[in-house]
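Each remark here refers to the structure printed beneath this line.
The structure displayed is predicted, hence computed values, not measured ones.
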Amino acid sequence: MAAEGRAKNPPAPDPSWRGHEKGSPAYRRLLVALFFAGIATFAQLYSPQAALPEIASELRIGAASAALVVSASTIGLAIGVIPWSVVADRIGRLRSMSIAVVAASALGLLVPFAPTFEVLLAGRFLEGVMVGGVPSIAVAYLSEEVIRGHAARAAGTYVAGTTIGGLLGRLVAGPVAELTTWRIGVFTVAVLCTVAAVVFIRLAPEPQGFVPRAERRPGTDPSLARRLAVNLRSRRQLVLYAQAFLLMGGFVALYNYLGFRLAEAPFWLPPAIVSLVFIAYLAGTWSSAQAGALASRIGRRPVLLGSIALMIAGVALTLSSLLVLVLAGLVVATAGFFGAHSTASGWTAAEATVGRAQASSLYNLFYYAGSSLFGWLGGLLFDAAGWSATAGLIGSLALVAAALALVGLRGADPGGRPLGERMLSRS
C-alpha cells in the first residue's frame, strides 16, 4: 500500500510490467487479500437482513420500514461508487480500498447501537458509502496487477469472497440475534469484518500497474467527464452494464420472494428453515471461481451465456410443487447468476480503454440500480399473481440479458480479449 503514496514512483506505470504470474507468491497474496476484502464489505452490508423481524419488533416498525436498514446501505453504495473511483484515480487503488474498508468497519462497529431508527438509517447509509470503495475499485486493481490471461480467474476469486461475505453476514447475525439481540448479532458480524479488513490490508501486494494521478504531470489524464463518457458510449460496456442491471435485479427478486412461497402452501416451511436457503450462496462461491478459470480457457462470452442459461433453468425449477426441485432450482440459479456476474464484472475492467476505475464503478451503479428496481417490482408481481409471475419476471430479465450478450459481445477470442486486440498482438 505504501508504494502508491511515495514520490519515488515513476510518472507512468512501467511499460514492461505485465502483471503477477499465476502461482507466484504475490499473485496468491493478491487473491487471498481480495477474497477477504469481499468478506469484510459484503458481510456487513447484508447482515441486518437476517435479523429484520427482531429489528421491527424492537423498534416497533413495520416489515417494510425494517427492510430500509438494508436498502439504506445499498443506496449508499450505489451513490458512493463513482466518487470512490475518482479517489482511487487520484491517490491509488489500494490506498483507497484500505481507507474504505477501515471506515466501513469502524462504522459497522458503531451503527448497531444507534439510539433511534433515523440515526440507524443514516449510519447504514454512510456505511454503504464507505463499503462502495471496495467493489468500485477491486476489479480495476486486480486487472492492473495480474497478468492479463489470468485476470478473469482472479476476478472470479474476488466475487467468490463476496458470496462468502454475504452468506456469513446472514448466517452469523441471525442466530446470534435470536440468542441475544439484533444489535449484538450485527455487531458480531462487524467484528468479523474488522478482522477480515486487517487481513486484506496486510496481505495486499504493493501496486505496480498504476500510478495515482496526484503523482503524474498535470494535463496527462482525461477529465472525469471524459472517462465516464468513453465508457458510456461503448456499446460493449453498455451491454455489460445491462448484464449487471438485469441479472442482479432478477437475482434479488429471487431471494426476496422465494422465501414467502416456501412459507406458504404447499410447503409450509417454518421461518428458521426458510432462512437456511441462504446456504445456496455456496453454489455461487463455487461457480464464481470456476467461471473465472473457465473464461481464461475458452473466453468470457460462452461462459457468460452458459451461466445465464443455468440461471434461467434454475428459476424454471422453482415453479415445481416438489420442495426438492425448488431448492435444487435455487442452487442452480444461484450458481448461474454468480458465474455470470464474475464474468461480466471482470470483463468490464478488461474492456475499458479509458477510466478503468470508472468502468467498474458504472458496472456497480447499474448492478445496485437493478437490485433496487426489480427487487421492488418482483414484490408487486408476487402480491398480485404469486410466485409464477415473479419467476416469469426473473426469467424474462435473464433472457433479455442473454440476447444482448449474444448480439453485443461478439468478437472475443478464447482468452476473453477483444478480437481487435488479438489481431494487433499478432501483427
Worked verdict on S73 versus R124 for side-chain hydrogen bond (donor to acceptor under 3.5 Å, both in side chains): CA-CA 5 Å; S73 59; R124 286 287 296 174; 2.9 Å; yes
Derivation of the side chain to side chain contact (heavy atoms under 4.5 Å, CB included) call for F338 and W286: CA-CA 9 Å; F338 279 109; W286 174 83; over 6 Å; no
Evaluation steps, side chain to side chain contact (heavy atoms under 4.5 Å, CB included), between F267 and V326: CA-CA 10 Å; F267 307 111; V326 174; 3.8 Å; yes
Side chain to side chain contact (heavy atoms under 4.5 Å, CB included) evaluation trace for I79 with F125: CA-CA 10 Å; I79 291 175; F125 173 80; 3.8 Å; yes
Full working for side chain to side chain contact (heavy atoms under 4.5 Å, CB included) between L203 and L30: CA-CA 7 Å; L203 286 184; L30 176 62; over 6 Å; no
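Considering only heavy atoms from C-beta on, L282 comes within 4.5 Å of I164 through its side chain. By the 4.5 Å heavy-atom criterion applied to side chains, I279 and L171 are counted as neighbours. I184 is listed as a side-chain neighbour of T181, based on a closest heavy-atom distance under 4.5 Å. Side chains of R95 and S98 form no contact here, defined as non-hydrogen atoms less than 4.5 Å apart. Looking only at side-chain heavy atoms (C-beta outward), L240 and L409 come within less than 4.5 Å of each other. Two residues are said to be in side-chain contact when any heavy atoms from C-beta on lie closer than 4.5 Å; L327 and L317 fail this criterion. With contacts defined as side-chain heavy-atom distances shorter than 4.5 Å, the pair M248/H341 does not qualify. Using a 4.5 Å heavy-atom threshold, the side chains of S345 and Y367 count as separate.
Listed for the Y241 side chain is a donor-acceptor partner under 3.5 Å among the backbone atoms of A359. Here the side chain of Q237 pairs no donor or acceptor atom with the backbone of R233 at under 3.5 angstrom. Under a 3.5 Å cut-off, the side chain of T390 and the backbone N or O of G378 do form a donor-acceptor pair. Between the side chain of S296 and the backbone N or O of G292 there is at least one donor-acceptor pair closer than 3.5 Å. No donor-acceptor distance shorter than 3.5 angstrom exists from the side chain of R90 to the backbone of S85, with no hydrogens or angles considered. Side chain of N364 to main chain of P135: a donor-acceptor pair is present (N/O by atom type, distance under 3.5 Å, no hydrogens or angles). In this structure, T180 contributes its side chain and V176 its backbone to a donor-acceptor pair below 3.5 Å.
Put simply, CG on L126 and CG on L107 are 6.0 Å apart, with the number rounded to the nearest 0.5 Å. With rounding to the nearest 0.5 Å, the separation of CG in L168 from CZ in F42 is 13.5 Å. The structure places CD1 of I308 at 9.5 Å from CG of L406, a figure rounded to the nearest 0.5 Å. Separation of atoms CD (Q243) and CH2 (W347) is listed at 9.0 Å; rounding is to 0.5 Å. Note that CZ of F337 is 9.5 Å distant from OG of S287, once rounded to the nearest 0.5 Å. Once rounded to the nearest 0.5 Å, the distance linking CG of L254 with CE of M311 reads 6.5 Å.
Using the six-membered ring where Trp is involved, F374 and F245 have ring planes that are perpendicular, over 60° apart on the 30 and 60° scheme. Between F278 and Y255, the angle of the ring planes stays under 30°, which puts this pair in the parallel group of the 30/60° scheme.
Here the closest heavy-atom approach between residue L404 and residue A242 is recorded as CD1-CB, 3.7 Å. Among all heavy-atom pairs drawn from A197 and V101, the shortest one is CB-CG2, 3.7 Å. When every heavy atom of T194 is checked against every heavy atom of S105, the shortest pair comes out as OG1-CB, 3.6 Å. When all heavy atoms are compared, the tightest approach of V315 to A391 is CG1-O, 3.6 Å. Minimum interatomic distance between L258 and W387 (heavy atoms only, all atoms of both residues): N-CZ3, 3.6 Å. Shortest non-hydrogen contact noted between A37 and V134 is CB-CG1, 4.1 Å.
Side chain to side chain, S342 and S288 fail the donor-acceptor criterion of an N or O pair below 3.5 Å. No side-chain N or O of T74 forms a donor-acceptor pair with one of Y46 less than 3.5 Å apart. In this model, no donor atom of one side chain and acceptor atom of the other lie less than 3.5 Å apart for W84 and S361.
By the 6.0 Å contact criterion, CZ on F36 is open, its count of non-hydrogen atoms from other residues, nucleotides or ligands being 12 or less.
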